A.B. asks: 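Take a look at this one; I'll ask things after.
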Amino acid sequence: MTGIDFILAHYNYSASIILMALGFYIVISRGNLIKKIVGLNLFQVSVFMLYISMGKVSGGTAPILTGKPELFSNPLPHVLILTAIVVGVATTAIGLALIVRIKDAYGVIEEDEILVMDRAREQLDARSG
Amino acid sequence: MIIRLQNLLSVVMLSGVFSLLSAGMFVTLDAVDVAFTEAAVGAGLTTILFLGALALTGSAEKAPRQRSPLPLIVMAVLAAILIYGVIGLPPFGSADAPAHRYVMPEYISGTQTQIGIPNIVSAVLASYRGFDTLGETGVIFTAGIGVILLLRRRLAPRVSPPEDDAG
């Protein structure tokens, strides 16, 4: 298989990887905690896409038995991703609850400002203790 | 767009739209169960959770003070490594990919004879891999408890706690 054909036959993986890289970039480059969680969600959906596209069979149908012999797409990735979507919401909820608490404690949800406050607090503690 | 925008409300809305579009894409990839879960949970519930959190924390992001090239480099290197890894994977839609060869035929034939329901995804989810689903329920339970514990201390000292939908 030559270069162009290879890329065309594997475009689903490349698309997932590009989305995943974007999500990862948001997580590591942005200071706002809510935006980090949005990035994490983007990352997650890219992984879902990777799995679902791996389960696709050309000419296959949705894995529901109709009585006729048919070619089905692979149901196993679908099951795994169903579980992953729900677990993803659970982690998002925990993350957002933590952010709400951080907002209460610090008054901001920007990572760099929180770090500055933490350092100032440590210096105070070191001086008094 | 999601990266550049500094109005977090727009960011959250766009990510909801993205989630809904990805649900449409799952339909075209024959994963109907995943599509409706993504549309209901990913696009619906997650967006509501985000909106609840935004209501409690404010929706303006501060402009980043200095741009460091490091995250961009890390991202590019990671993407390059992963794209290199694609070389070993089977082409999109091939019927003889390793993923389709081992337990999948058994699940498809077994759903008819052993479980007796038409939806193979439900059969695998609730029966063949029922313990996975039990574990998932455990995770959700733990997460629910965690959210309640985190937010209860916050609401305790107030006289009339406001309605809180972040759980």
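For clarity, every value in this text was computed on a predicted model and none was experimentally measured. Note that these values count all heavy atoms, side chains included, but never hydrogens, waters or copies made by symmetry.
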A.B. asks: Under 4.5 Å from any heavy atom of chain B, what part of Ile18(A) do you find: side chain, backbone, both or neither?
C.D. replies: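 Interface part for Ile18(A): neither.
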A.B. asks: Heavy-atom distances under 4.5 Å only: say whether Val108(A) touches chain B with side chain, backbone, both or neither.
C.D. replies: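 Looking at Val108(A), just its side chain touches chain B.
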A.B. asks: So which heavy atom on Val11(B) is nearest to which on Lys35(A), and how close?
C.D. replies: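 Taking every non-hydrogen atom into account, CG2-CE, 4.2 Å.
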A.B. asks: Using the rule that Ile, Leu, Val, Met, Phe, Trp and Tyr join whenever any side-chain heavy atoms are under 4.5 Å apart, tell me whether Val27(A) and Leu78(B) fall into a single cluster.
C.D. replies: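 Per the 4.5 Å side-chain linkage, Val27(A) and Leu78(B) are not co-clustered.
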A.B. asks: Is there a side-chain contact between Phe26(B) and Met49(A) in this structure, where contact means two heavy atoms from C-beta onward sitting under 4.5 Å apart?
C.D. replies: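 They are in contact (side-chain heavy atoms under 4.5 Å apart), so the answer is yes.
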A.B. asks: Checking Ile109(A) against chain B: side chain, backbone, both or neither under 4.5 Å from a heavy atom?
C.D. replies: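 Interface part for Ile109(A): side chain.
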A.B. asks: So what's closer than 4.5 Å to chain B heavy atoms on Leu80(A): side chain, backbone, both or neither?
C.D. replies: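 Answer is side chain: those atoms of Leu80(A) sit under 4.5 Å from chain B.
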A.B. asks: Once rounded to the nearest 0.5 Å, what's the spacing between atom OG of Ser15(B) and atom CG of Leu40(A)?
C.D. replies: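 With rounding to 0.5 Å, OG (Ser15(B)) is 11.5 Å from CG (Leu40(A)).
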A.B. asks: Walk me through whether Val34(B) and Ile52(A) qualify under side-chain contact (heavy atoms from CB on, under 4.5 Å).
C.D. replies: CA-CA 9 Å; Val34(B) 178; Ile52(A) 298 294; 3.7 Å; yes
A.B. asks: Is it the case that more than 12 heavy atoms not belonging to Tyr51(A) sit under 6.0 Å from its OH atom?
C.D. replies: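 Check fails, neighbour count at 12 or below.
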A.B. asks: To the nearest 0.5 angstrom, please state how far the OG atom of Ser73(A) sits from the CG atom of Leu29(B).
C.D. replies: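 The CG atom of Leu29(B) is 8.0 Å from OG of Ser73(A), to the nearest 0.5 Å.
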A.B. asks: How long is the span from the CZ atom in Arg129(B) to the OG1 atom in Thr83(A), to the nearest 0.5 Å?
C.D. replies: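 It comes to 8.5 Å.
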A.B. asks: Taking only distance into account, with no hydrogens and no angle test, what donor-acceptor pairs under 3.5 Å do side-chain atoms of residues 81-89 of chain B form with protein atoms, sequence neighbours excluded?
C.D. replies:
none

A.B. asks: Please say yes or no: joined through hydrophobic side-chain contacts below 4.5 Å, possibly via intermediate residues, are Val47(A) and Met25(B) part of one cluster?
C.D. replies: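 Val47(A) clusters together with Met25(B).
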A.B. asks: Closest approach of Tyr13(A) and Pro90(B), non-hydrogen atoms and distance?
C.D. replies: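 Shortest heavy-atom contact: OH-O, 2.9 Å.
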A.B. asks: Counting only non-hydrogen atoms closer than 4.5 Å, does Phe48(A) touch chain B with its backbone (N, CA, C, O), its side chain (CB onward), both, or neither?
C.D. replies: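 Both backbone and side chain.
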A.B. asks: Applying a strict under-4.5 Å side-chain criterion to I, L, V, M, F, W and Y, I'd like to know whether Leu125(B) and Phe141(B) cluster together.
C.D. replies: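 No.
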A.B. asks: Relative to chain A, which segment of Thr46(B) carries a heavy atom at a distance below 4.5 Å: side chain, backbone, both, or neither?
C.D. replies: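 The side chain, not the backbone.
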A.B. asks: Are any of the side-chain heavy atoms of Asn41(A) and Phe50(B) separated by less than 4.5 Å?
C.D. replies: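 In short, these two side chains touch, coming nearer than 4.5 Å.
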A.B. asks: Distance from Thr92(A) atom OG1 to Leu49(B) atom CG, nearest 0.5 Å?
C.D. replies: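 Reported to 0.5 Å precision, the distance equals 7.5 Å.
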A.B. asks: Given the options Val139(B), Val74(B), Val121(B), Asn119(B), which has more heavy-atom pairs under 4.5 Å with chain A than any of the others?
C.D. replies: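 Of the candidates given, the most pairs with chain A belong to Val121(B).
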A.B. asks: Rounded to the nearest 0.5 Å, what separation is found between the NE2 atom of His78(A) and the OG atom of Ser122(B)?
C.D. replies: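 With rounding to 0.5 Å, NE2 (His78(A)) is 12.5 Å from OG (Ser122(B)).
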A.B. asks: Quick check: closest heavy atoms across Ala97(A) and Leu150(B), and the distance to 0.1 Å?
C.D. replies: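 Closest heavy-atom pair between Ala97(A) and Leu150(B): CB-CD1, 3.8 Å.
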A.B. asks: For Leu70(B), is it the side chain, the backbone, both, or neither that has a heavy atom closer than 4.5 Å to a heavy atom of chain A?
C.D. replies: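 When you check distances to chain A, no heavy atom of Leu70(B) falls under 4.5 Å.
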A.B. asks: Return each pair, listed once, that meets salt bridge (Lys or Arg N to Asp or Glu O under 4.0 Å) where at least one residue sits in residues 20-41 of chain B; pairs must be two or more places apart or across chains.
C.D. replies: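 Applying salt bridge (Lys or Arg N to Asp or Glu O under 4.0 Å) to every pair that reaches into residues 20-41 of chain B, excluding sequence neighbours, yields Lys56(A)-Asp30(B).
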A.B. asks: Counting only heavy atoms closer than 4.5 Å, note whether Thr47(B) contacts chain A via side chain, backbone, both or neither.
C.D. replies: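 The answer is neither part of Thr47(B).
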A.B. asks: What distance do Met75(B) atom CE and Ile28(A) atom CD1 have between them, rounded to the nearest 0.5 Å?
C.D. replies: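 One gets 8.5 Å once the value is rounded to the nearest 0.5 Å.
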A.B. asks: Quick one: what part of Asn74(A) sits under 4.5 Å from any heavy atom of chain B, side chain, backbone, both or neither?
C.D. replies: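 Both backbone and side chain.
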A.B. asks: Name the region of Val32(B), side chain, backbone, both or neither, that has any atom closer than 4.5 Å to a heavy atom of chain A.
C.D. replies: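 For Val32(B), the contact with chain A is made by the side chain alone.
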A.B. asks: Leu45(B) versus chain A, heavy atoms under 4.5 Å apart: side chain, backbone, both or neither?
C.D. replies: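 The side chain, not the backbone.
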A.B. asks: Tell me, side chain or backbone of Leu76(A) under 4.5 Å from chain B's heavy atoms, or both, or neither?
C.D. replies: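 Only the side chain of Leu76(A) comes within 4.5 Å of chain B.
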A.B. asks: Let me know if Leu50(A) has heavy atoms under 4.5 Å from chain B in its side chain, its backbone, both or neither.
C.D. replies: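 Contact with chain B is absent: no heavy atom of Leu50(A) under 4.5 Å.
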